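Some notes on the structure that comes next.
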2 protein chains.
Amino acid sequence: MPRRREARDKVTIIDIADAAGVSKSTVSLVLTGRGSVKSETRERIHKAMDALGYVYNRGAANLRNSDSKIVGLVLNDLSNPFFAEFAIGVESVLQMAGYVAFMANTAESIVRQAQVMRMMREHGAGGIILCPALDTAAEELAWADTADTPLLVAIRRLPGVAASTVIPDNTAGSARITRHLLNLGHKRIAYIGGMHSMVVRQDRFLGFSGAMAAAGNAIDPGLNIESMPTRDGGFSAMGAALALPDRPTAVVCYNDVVAIGAMLAAAKRGLVVGRDIAICGFDDTSEARHVSPALTTIAVDAVGLGERAAAMLLERITNPDAPATTHIGPADLVIRESCGAYHHALQAAG
Amino acid sequence: MPRRREARDKVTIIDIADAAGVSKSTVSLVLTGRGSVKSETRERIHKAMDALGYVYNRGAANLRNSDSKIVGLVLNDLSNPFFAEFAIGVESVLQMAGYVAFMANTAESIVRQAQVMRMMREHGAGGIILCPALDTAAEELAWADTADTPLLVAIRRLPGVAASTVIPDNTAGSARITRHLLNLGHKRIAYIGGMHSMVVRQDRFLGFSGAMAAAGNAIDPGLNIESMPTRDGGFSAMGAALALPDRPTAVVCYNDVVAIGAMLAAAKRGLVVGRDIAICGFDDTSEARHVSPALTTIAVDAVGLGERAAAMLLERITNPDAPATTHIGPADLVIRESCGAYHHALQAAG
DNA sequence: TCCAGAAAATGGAACGTTCCATTTATTTCT
DNA sequence: AGAAATAAATGGAACGTTCCATTTTCTGGA
């Protein structure tokens with residue numbers, strides 16, 4: 001098997017210079033487009049480059065001028081479509097700006113998170129976008145204070161960290177969907193899913209309780225049920241809610257995946273979701289649309305948040321002395337079938 | 001606002017050396033763990049490192065020894081959960097091996113793909129895993145022949161490219177699910193979704209037609225319907241199939257997302273999927289489980305494929321003269337509700 | 001106590017770029 | 001044609017590390 005593998009050692013700027021009969025400085029000039037070189041020479045150099053299969057060595061270049069055009073993106077859970085969409089948003093604006101993203105998945109492990117962020121900094125990332133793993137401590141991110149690698153925290157805010165932040169309006173969104181249920185006539189409403197140590201849950205619960213209070217509705221502490229923010233978590237939390245002597249007529253869930261688990265639990269007990277009980281989610285992942293009945297939820301525009309995060313980080317990279325800022329994105333109600341708004345409308349009309 | 005930002009310029013190995021009262025060579029020794037240094041000195045050096053907030057400069061190091069511990073991962077469609085899962089698999093084995101992934105999403109754009117791969121090579125990626133965008137030409141990947149950056153092509157094979165390959169067994173999987181329909185008594189079976197220019201569709205269609213032929217079943221060319229491999233594509237292709245004078249009783253879809261579109265189209269015409277018509281998919285994405293009725297499909301273990309791809313690439317990086325190899329992963333039938341196997345069983349029993 | 005050998009530490013060249021200070025070539029003006 | 005001005009090209013130091021060849025320091029045995 002005659003495997004062609006001629007140019008074993010990598011070809012450098014100097015090889016190009018020799019081939020084109022100029023000095024390495026001239027080659028550098030055309031590479032960076034900085035000086036002025038005769039177009040004829042430039043052409044000769046380009047020809048030499050692809051004749052020899054030259055590939056630019058950014059590592060070497062960065063050694064001198066250190067603007068690496070790379071940005072780290074650290075995600076806590078890539079298997080959640082929400083974060084995949086967020087990543088797409090980030091990626092698209094980075095790519096547009098000539099940056100490339102170093103992307104990593106921590107799977108909610110803070111040790112992996114630490115490893116990965118170190119690696120990124122070692123590789124010269126110009127900035128890092130972090131969707132923090134559960135239980136990330138502010139101290140772990142202390143380097144962001146001092147270092148010249150700007151940090152942007154996204155989706156889960158991190159109190160006590162000197163970093164720009166991009167999150168959806170969890171509180172307003174949650175209040176909005178709660179009011180929706182209230183308007184449909186519900187009074188006994190449960191809040192399920194998520195652990196109380198999670199800031200995101202705190203924010204969302206705040207919206208829930210605020211809306212309840214504003215409507216003069218008491219919250220039964222027994223209807224505030226924690227669980228892992230997963231489908232299984234939603235399933236068991238809903239089971240607990242339904243086992244109550246005085247069961248709720250509606251439940252607002254921490255997020256879509258919890259809501260889907262909750263729907264399964266309700267269906268298992270013979271309840272028709274959207275008629276016998278109202279269930280709603282948060283995030284508007286694509287699953288929310290496909291599940292049956294389709295899930296009423298809060299849309300937070302994951303892609304848009306990603307784009308915004310990237311833009312804000314880029315801004316801080318080019319202008320390192322700008323202060324850290326916070327962006328809070330919209331959270332809009334999308335009404336589908338799982339809360340029975342349609343049923344309700346029919347009934348009101350008839 | 002008193003923003004602390006003392007050590008503006010980055011601290012180097014030499015600063016550490018000074019602080020610890022040794023030479024830079026000694027610091028390098030402890031960094032790489034290569035030579036033998038007194039544990040007392042090592043400790044002193046470590047202390048100096050985190051006192052000064054040192055971060056290792058891999059770019060500089062690679063300049064000398066060029067094993068960069070970075071691998072590129074180029075995905076054609078991150079919004080498809082299948083690829084997100086694949087990425088998770090890749091990432092996990094890379095991370096285990098001390099590598100970090102440079103991940104990028106091409107969104108099926110071959111120009112973005114070219115850009116991104118160039119960037120990765122410029123940044124010194126030791127190898128690249130590519131899930132090629134639609135219409136990727138073999139010539140674009142010519143560098144893989146010559147260069148010292150091994151390439152691994154995944155999910156969509158690329159005829160004529162000198163690269164290792166990891167794909168699921170599309171043909172066998174497709175044959176398997178077709179036989180399932182045949183066993184349920186279907187004879188008029190359509191194949192819908194995907195464009196005929198896609199190798200993956202060719203492979204899957206081959207399995208379909210093989211199984212049909214083996215059962216002595218003719219394929220009506222009118223029942224081979226192309227579409228974009230998206231939900232909308234599936235929707236319209238199914239619409240076309242159902243508009244036929246002699247409509248099929250079962251349809252095998254290019255993949256899950258096409259199948260979900262097809263289910264929507266069938267439901268819209270008042271057909272109950274799984275009773276009036278059988279529909280099946282390919283991939284076993286998480287949506288397949290959640291959709292209603294749950295989708296019968298072919299599971300290809302995206303995470304496993306990713307792990308395998310990463311392992312194979314790593315193998316080629318450490319052993320560059322090993323020949324390119326191909327791995328074909330399993331494709332297993334998972335029976336749910338959308339093909340009416342349950343109905344069928346009841347009927348047979350009763 | 002001295003020496004051999006091992007252990008520990010060091011200096012300096014190299015890696016592939018950039019960029020400053022120069023030199024060399026080309027144009028323009030009188 | 002010659003000088004002045006501009007354009008084009010160059011040499012070499014620097015960036016932060018590694019690693020080879022050395023030198024220095026330590027250890028234990030006679």
Side-chain angles (χ1 to χ4, degrees), chain A residues 7-46 48-49 52-70 119 121-126 148-149, chain B residues 7-46 48-49 52-70 119 121-126 148-149:
Chain A
R8 191 66 302 145
D9 347 70
K10 53 178 64 91
V11 10
T12 82
I13 212 183
I14 297 185
D15 300 320
I16 305 301
D18 289 352
V22 294
S23 76
K24 64 181 169 41
S25 305
T26 308
V27 178
S28 175
L29 254 26
V30 350
L31 241 24
T32 59
R34 249 180 270 274
S36 60
V37 355
K38 218 193 304 186
S39 63
E40 185 213 329
T41 334
R42 189 198 321 280
E43 202 168 307
R44 199 146 31 92
I45 290 174
H46 274 128
M49 290 202 296
L52 301 191
Y54 171 72
V55 359
Y56 185 60
N57 183 334
R58 258 168 221 278
N62 288 166
L63 209 46
R64 277 288 299 199
N65 68 2
S66 69
D67 72 328
S68 69
K69 297 293 189 193
I70 108 169
M119 267 287 195
R121 302 214 289 139
E122 290 183 356
H123 277 292
D148 37 12
T149 309
Chain B
R8 232 285 120 68
D9 348 71
K10 54 177 64 93
V11 10
T12 81
I13 211 182
I14 296 185
D15 300 320
I16 305 300
D18 289 353
V22 294
S23 74
K24 63 181 169 41
S25 306
T26 308
V27 179
S28 175
L29 253 27
V30 350
L31 241 25
T32 58
R34 251 181 270 274
S36 61
V37 355
K38 219 192 307 186
S39 63
E40 187 212 329
T41 334
R42 190 199 321 281
E43 202 167 306
R44 196 147 33 91
I45 289 174
H46 273 129
M49 290 201 296
L52 301 190
Y54 171 71
V55 359
Y56 185 59
N57 183 334
R58 259 166 220 279
N62 289 166
L63 210 46
R64 276 288 298 198
N65 66 5
S66 69
D67 72 328
S68 68
K69 297 293 188 193
I70 108 171
M119 267 289 195
R121 302 214 290 138
E122 290 183 357
H123 276 294
D148 37 13
T149 309

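Chain letters run A, B, ... following the sequence lines, proteins first, then strands; residues in each count from 1. Quick caveat: nothing in here was measured; it's all calculated off a predicted structure.
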- Message: Side chain of B:Y56 only, heavy atoms from C-beta on: which candidate in D:dG16, D:dA13, D:dT18 is closest?
- Response: D:dT18
- Message: Tell me the interatomic distance from B:E122, atom CD, to C:dT17, atom C1', rounded to whole angstroms.
- Response: 13 Å
- So, is A:R64 close to the C:dG16 phosphate, meaning a side-chain N or O under 4.0 Å from OP1 or OP2? no
- Task: Have a look at A:T12 and say if it touches a base, only the backbone sugar-phosphate, or nothing, with a 4.0 Å heavy-atom cut-off.
- Result: sugar-phosphate
Residues 33-43 of chain B side chain polar contacts: donor-acceptor under 3.5 Å, at least two apart:
{"unit_1": "B:T41", "atom_1": "OG1", "unit_2": "B:K38", "atom_2": "O", "d": "3.3"}
{"unit_1": "B:R42", "atom_1": "NH2", "unit_2": "B:V37", "atom_2": "O", "d": "3.0"}

- Item | Listed nucleotide nearest any side-chain atom of A:A60, set C:dG16, D:dC19, D:dT18 | C:dG16
- Protein-nucleotide distance (B:E43, atom CD; C:dA8, atom P), rounded to Å: 15 Å
- Message: Between P on C:dT17 and NZ on A:K10, what's the gap in Å once rounded to a whole number?
- Response: 10 Å
- NA contact type, A:R58, heavy-atom cut-off 4.0 Å: base, sugar-phosphate, or nothing? nothing
- Task: Look at A:S28 and C:dT18 and indicate whether a side-chain polar atom (N or O) is within less than 4.0 Å of OP1 or OP2.
- Result: yes
- B:R34 side-chain N/O to D:dC19 phosphate OP1/OP2 under 4.0 Å: yes
- Taking atom CD of B:E122 and atom OH of A:Y54, what is their separation to the nearest 0.5 Å? 8.0 Å
- Item | Whole angstrom value for the distance that separates P of C:dA9 from CG of B:D18 | 16 Å
- About how many Å separate CD1 of A:I16 and CG of A:L52, when rounded to the nearest 0.5 Å? 4.5 Å
- d(CG, B:N62; C1', C:dC15) in whole Å: 11 Å
- Message: Between C1' on D:dT17 and CG on B:N57, what's the gap in Å once rounded to a whole number?
- Response: 7 Å
- Closest listed nucleotide, where the reference is the side chain of A:N65 and the choices are D:dG16, C:dT17, C:dC19: C:dC19
- Task: Heavy atoms under 4.0 Å is the rule here; annotate nucleotides 4-12 of chain D 5' to 3' with B where the base is hit, S where only the sugar-phosphate is, and - elsewhere.
- Result: ---SSSBBB
- Message: Working to the nearest 0.5 angstrom, can you tell me the gap between B:K10 NZ and B:N57 CG?
- Response: 7.0 Å
- CZ of B:R121 versus P of C:dG16: gap in Å, rounded? 16 Å
- Query: Do A:S23 and A:T26 pass the side-chain hydrogen bond (donor to acceptor under 3.5 Å, both in side chains) test, and can you show the C-alpha distance, the side-chain angles, and the key distance before you say yes or no?
  - Reply: CA-CA 5 Å; A:S23 76; A:T26 308; 3.3 Å; yes
- Side-chain heavy atoms of B:R58 within contact of B:I70, under 4.5 Å: no
- Query: A:D67 CG to C:dT18 P: how many Å, rounded?
  - Reply: 11 Å
- Message: How long is the straight-line distance from CG of A:D15 back to CE of A:M49, given to the nearest 0.5 Å?
- Response: 13.0 Å
